2 protein chains.
Amino acid sequence: MIPSQDELRRLHAEICSGVADPIRIAILYVLNEGPVNVTDITARLDLPQPTVSRHLRVLRDTHLVLSERQGQNILYKLTDPRVITALDLLRDVYHARISAQVRVLNSSQ
Amino acid sequence: MIPSQDELRRLHAEICSGVADPIRIAILYVLNEGPVNVTDITARLDLPQPTVSRHLRVLRDTHLVLSERQGQNILYKLTDPRVITALDLLRDVYHARISAQVRVLNSSQ
DNA sequence: TCTGGATATTCGGATATGCGAATATATCTA
DNA sequence: TAGATATATTCGCATATCCGAATATCCAGA
């Protein structure tokens, strides 16, 4: 059975909602430097461990990251480096927009 | 004053939350084909006009779209085509991931 | 200035999301 | 198997988001 357009958009939005949180964005950029376990993420971001675990679950559920047990630890890594590309793009769009606004404000002094 | 890392991540997440909704994604892809007014968006997506207006406001607030009055109508357009690039990337990441899962399932029959 | 078409806002309620705190589960090692 | 470390889950609550329905605002033209 072919998924409807609506269903595809729902799924698309679901992935997007995975990146719609500051903590998850921070985690993704940490993972962009290489696979890391939960304790290290917790330490690098200075956040409570349960908080990190809950956000990691969201990232897993939205297929943005993958996990792999390594003995006592669980190693997390990006599913795909393009996740960071997308995040960078959105950030750039924002910056470009704000810069344009600043220019307009300055030029109308 | 320099915005903190946390503040930057909050802003980054805010933009991302702009694309974290199926209706808004649909609107963005409509706008990708060129500037459109609210009535046309409403017709093309077959949605109630207040619903479209509310989502357009979110898109404006997150700097993802721009609006411009043209007489009686208001023309909306993408702030930056890279918004669509980012959306496509995230969709591709998802598809690649799901395809990989399907392959694993099939190969283990 | 009145009218109609285009767009935006508000309200109330349902649902979702995030967090801290506490606790559970899993794995290794002695 | 007991203890220690790593990770995940649950609960209760506060907050945010979404929607439909109703209504308000804005602008062009008669």
Side-chain angles (χ1 to χ4, degrees), chain A residues 6-7 9-28 30-31 34-79, chain B residues 6-7 9-28 30-31 34-79:
Chain A
D6 279 3
E7 176 65 8
R9 286 207 204 99
R10 222 209 66 231
L11 289 168
H12 202 165
E14 219 168 272
I15 317 156
C16 292
S17 69
V19 298
D21 178 277
I23 291 182
R24 290 199 289 276
I25 289 178
I27 292 176
L28 290 170
V30 167
L31 295 185
V36 196
N37 67 38
V38 181
T39 303
D40 287 351
I41 299 173
T42 298
R44 298 221 359 216
L45 300 179
D46 192 27
L47 290 170
Q49 177 269 319
T51 296
V52 171
S53 264
R54 261 178 321 205
H55 283 292
L56 284 172
R57 175 149 72 135
V58 176
L59 291 172
R60 257 187 290 121
D61 290 349
T62 49
H63 304 282
L64 291 167
V65 306
L66 297 173
S67 63
E68 180 188 349
R69 182 172 281 278
Q70 296 246 322
Q72 213 162 351
N73 301 345
I74 294 191
L75 214 60
Y76 277 87
K77 58 183 170 188
L78 292 179
T79 293
Chain B
D6 280 2
E7 177 65 8
R9 285 205 205 101
R10 223 210 65 232
L11 289 169
H12 201 164
E14 219 167 274
I15 316 154
C16 293
S17 69
V19 298
D21 179 276
I23 292 181
R24 288 199 291 275
I25 289 178
I27 293 176
L28 290 170
V30 167
L31 295 186
V36 196
N37 67 38
V38 181
T39 303
D40 288 351
I41 299 173
T42 298
R44 299 230 347 227
L45 299 179
D46 192 27
L47 290 170
Q49 176 268 320
T51 297
V52 171
S53 263
R54 261 176 322 199
H55 283 293
L56 283 172
R57 174 151 72 135
V58 175
L59 291 172
R60 256 187 289 121
D61 291 349
T62 50
H63 304 281
L64 290 166
V65 306
L66 297 173
S67 62
E68 179 188 351
R69 182 171 282 277
Q70 296 248 320
Q72 213 164 352
N73 301 346
I74 294 191
L75 214 60
Y76 278 85
K77 58 183 169 187
L78 292 179
T79 294

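In what follows, every chain begins at residue 1, and chains take the letters A, B, ... in the order their sequences are listed. Predicted, not measured: the structure shown is a model, and the values here were computed from it.
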**Message:** Please give me every residue in residues 61-74 of chain B whose heavy atoms get under 4.0 Å of an atom in DNA chain D, ordered by residue number.
**Reply:** B:R69, B:G71, B:Q72

Measuring from atom [atom1] of [X] to atom [atom2] of [Y], what distance do you get when rounded to the nearest 0.5 angstrom?
{"X": "A:R10", "Y": "A:S17", "atom1": "CZ", "atom2": "OG", "value": "10.0 Å"}
{"X": "B:I15", "Y": "B:D61", "atom1": "CD1", "atom2": "CG", "value": "13.0 Å"}
{"X": "A:D6", "Y": "B:I23", "atom1": "CG", "atom2": "CD1", "value": "9.0 Å"}
{"X": "B:R54", "Y": "B:R24", "atom1": "CZ", "atom2": "CZ", "value": "11.0 Å"}
{"X": "B:L59", "Y": "B:D21", "atom1": "CG", "atom2": "CG", "value": "8.5 Å"}
{"X": "A:T51", "Y": "A:L45", "atom1": "OG1", "atom2": "CG", "value": "11.0 Å"}

**B/S/- contact track for nucleotides 18-23 of chain D, protein heavy atom under 4.0 Å** = SBB-B-

**Message:** Using modelled atom types and a 3.5 Å cut-off, is there a donor and acceptor pairing between side-chain atoms of B:T79 and backbone atoms of B:H63?
**Reply:** yes

Provide, to the nearest angstrom, the distance between the [atom1] atom belonging to [X] and the [atom2] atom belonging to [N].
{"X": "A:N37", "N": "D:dT7", "atom1": "CG", "atom2": "P", "result": "5 Å"}
{"X": "A:E14", "N": "C:dT17", "atom1": "CD", "atom2": "P", "result": "9 Å"}
{"X": "B:D6", "N": "C:dG18", "atom1": "CG", "atom2": "P", "result": "16 Å"}
{"X": "B:R10", "N": "C:dC19", "atom1": "CZ", "atom2": "P", "result": "14 Å"}
{"X": "A:L56", "N": "C:dT17", "atom1": "CG", "atom2": "P", "result": "17 Å"}

**Message:** Just to be sure I understand the rule, does B:S53 reach a base, reach only the sugar-phosphate, or reach nothing, if contact means heavy atoms closer than 4.0 Å?
**Reply:**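 Base, at least one base atom sits under 4.0 Å.
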
Under-4.0 Å side-chain N/O to phosphate OP1/OP2 contact, [X] with [N]:
{"X": "B:R57", "N": "C:dA8", "answer": "no"}
{"X": "B:Y76", "N": "C:dA6", "answer": "no"}
{"X": "A:T39", "N": "D:dT7", "answer": "yes"}

**Item:** Over all atoms of both residues, closest heavy-atom pair of B:N37 and B:N73
**Value:**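 What the structure gives for the nearest pair is ND2-ND2, 3.2 Å.
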
**pair B:V36-B:L31: side-chain heavy atoms closer than 4.5 Å** =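 In contact.
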
